[in-house]
Amino acid sequence: MESINTLKGYDKVSDQENQIPSPLPKPSSRKTLIATVSTVSILLILAVVALTAGAFTRPSHNPPVSSNSLKSVCAVTRYPQTCFHALSSSLNESDPASILELSLRITSEKVSTLSMSFRSIDDMPEEPAVKDCAKLYADAASQLNETLLEIETKKKKGGNWMTEKVVGDVKTWISAAMTDGETCSDGLEEMGTVVGNDIKNEMVTASQMMSVCLAIVSQIKKLLLILH
């Protein structure tokens with residue numbers, strides 16, 4: 001109350017005060033005034049921060065990419081759960097052609113990683129199957145990269161890139177990559193070579209994702225009609 005009275009006193013200046021300089025506020029009044037100003041300043045800063053945060057967290061006007069299209073595409077594969085789990089976090093566009101490209105890109109990365117995993121244990125000269133697998137998966141990754149390159153080249157030329165020839169080439173390259181994976185598995189089994197569970201899981205995932213890519217490209221025209 002003392003500080004409030006002091007402030008009110010500034011609005012009412014008596015004749016005596018016109019002649020005599022106003023005394024300085026008492027130390028306690030000055031401390032109270034400083035504390036009040038500091039509190040108000042902090043509240044103002046907090047209000048500005050809250051408004052700024054609200055501006056950045058305001059929902060975007062762009063609708064999120066629907067997962068329904070991805071589920072529909074993955075449904076035509078033998079491994080819909082693997083398909084959805086692998087692609088959902090990276091999905092930016094929901095049309096079947098974009099989903100096909102994304103599946104090829106992610107599968108190529110997984111196959112390349114698997115090749116490096118085999119190279120990391122390629123220090124056992126008595127295990128030729130391991131060396132073979134490293135080469136086979138490197139070749140599989142190359143086949144998948146050729147597929148992506150073919151698609152990107154056709155897209156740059158404009159128009160519909162999904163011609164019978166391109167779709168046929170894509171299917172051939174994916175099938176070749178799958179054959180490389182199967183050859184690796186057969187070689188390990190025939191040689192009785194034991195690899196770690198991590199590599200076994202990588203092999204299963206890579207095999208399933210290559211199957212997913214082949215299924216999508218095989219059904220791409222049907223999917224375009226359904227999801228257009």
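Note that the coordinates shown come from a computational prediction; the quantities given were computed from them, not determined experimentally.
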Could you check I226 against S72 for side chain to side chain contact (heavy atoms under 4.5 Å, CB included), going step by step and ending with a plain yes or no?
-> CA-CA 9 Å; I226 295 174; S72 298; 6.0 Å; no
Not counting sequence neighbours, which residues clear salt bridge (charged side-chain N to carboxylate O under 4.0 Å, His left out) with E146? List them please.
-> none
Between the SG atom in C83 and the CG atom in L70, the distance rounded to the nearest 0.5 Å is 5.5 Å
Salt bridge (charged side-chain N to carboxylate O under 4.0 Å, His left out) pairs, two or more places apart, involving residues 169-186 = K165-D169
Which atom of T107 lies closest to which atom of A206, heavy atoms considered = CG2-O, 4.5 Å
Student check: side-chain heavy atoms of L148 and L144 closer than 4.5 Å | no
Is the closest side-chain heavy-atom distance between E150 and K154 below 4.5 Å?
-> yes
Do W173 and V166 share a hydrophobic cluster (ILVMFWY, side-chain heavy atoms under 4.5 Å, transitive)?
-> no
What's the spacing between K71 NZ and S88 OG if we round to 0.5 Å?
-> 9.5 Å
Do any N or O atoms from the side chain of D139 and from the backbone of K135 form a donor-acceptor pair under 3.5 angstrom?
-> no
So how far is it from M210 CE to S175 OG, rounded to the nearest 0.5 Å?
-> 10.5 Å
Those residues at least two apart in sequence (or on a different chain) that pass side chain to side chain contact (heavy atoms under 4.5 Å, CB included) with V76 are Q219, L223
Residues passing the side chain to side chain contact (heavy atoms under 4.5 Å, CB included) test with A129, sequence neighbours excluded, are L188, M191, T193
Report yes if some heavy atom in the side chain of E101 is under 4.5 Å from a heavy atom in the side chain of K155; otherwise report no.
-> yes
By disulfide bond (SG atoms under 2.5 Å apart) - contacts of C213 (at least two apart) | none
List for me each residue that meets side chain to side chain contact (heavy atoms under 4.5 Å, CB included) alongside T82, sequence neighbours excluded, and say none if there are none.
-> Y79, Q208, M209
Contact summary for S211 and M178, nearest pair of heavy atoms = CA-CE, 4.0 Å
All side chain to side chain contact (heavy atoms under 4.5 Å, CB included) counterparts of T179, not counting sequence neighbours = T183
Which pairs with one or both residues in residues 208-227 pass salt bridge (charged side-chain N to carboxylate O under 4.0 Å, His left out), sequence neighbours excluded?
-> E164-K221
Decide yes or no for Q143 and I174: does some side-chain heavy atom of the first lie under 4.5 Å from some side-chain heavy atom of the second?
-> no
Just by modelled atom types, is the A134 backbone N or O under 3.5 Å from a matching donor or acceptor in the S115 side chain?
-> yes
Nearest heavy-atom neighbours spanning I199 and S117 | CD1-O, 4.0 Å
Give, for atom CG of N92 and atom CD1 of I99, the distance between the pair rounded to the nearest 0.5 Å.
-> 11.0 Å
Could you tell me whether the side chain of S90 and the main chain of L87 form a donor-acceptor pair under 3.5 Å?
-> no
Of all residues at least two apart in sequence or in a different chain, which pass the salt bridge (charged side-chain N to carboxylate O under 4.0 Å, His left out) check with E152?
-> R105
The side-chain hydrogen bond (donor to acceptor under 3.5 Å, both in side chains) partners of N145 (sequence neighbours excluded) come to S108
Side chains of C74 and V212: does their closest heavy-atom pair fall under 4.5 Å?
-> no
Could you list all the salt bridge (charged side-chain N to carboxylate O under 4.0 Å, His left out) pairs where at least one residue sits in residues 194-218, not counting sequence neighbours?
-> none
Any side-chain heavy-atom pair of V217 and L104 under 4.5 Å | no
Do V130 and L136 belong together in a cluster built from hydrophobic side chains that touch within less than 4.5 Å?
-> no
Yes or no on side chain to side chain contact (heavy atoms under 4.5 Å, CB included) for L224 and D95, after CA distance, side-chain angles and deciding distance?
-> CA-CA 8 Å; L224 286 170; D95 61 286; 5.6 Å; no
Can you tell if the side chain of C184 reaches within under 4.5 Å of the side chain of F118, non-hydrogen atoms only?
-> yes
Taking S207 for the side chain and V204 for the main chain, is one N or O donor matched with an acceptor at less than 3.5 Å?
-> no
Would you check if the side chain of S218 reaches a backbone N or O of L214 as a donor-acceptor pair within less than 3.5 Å?
-> yes
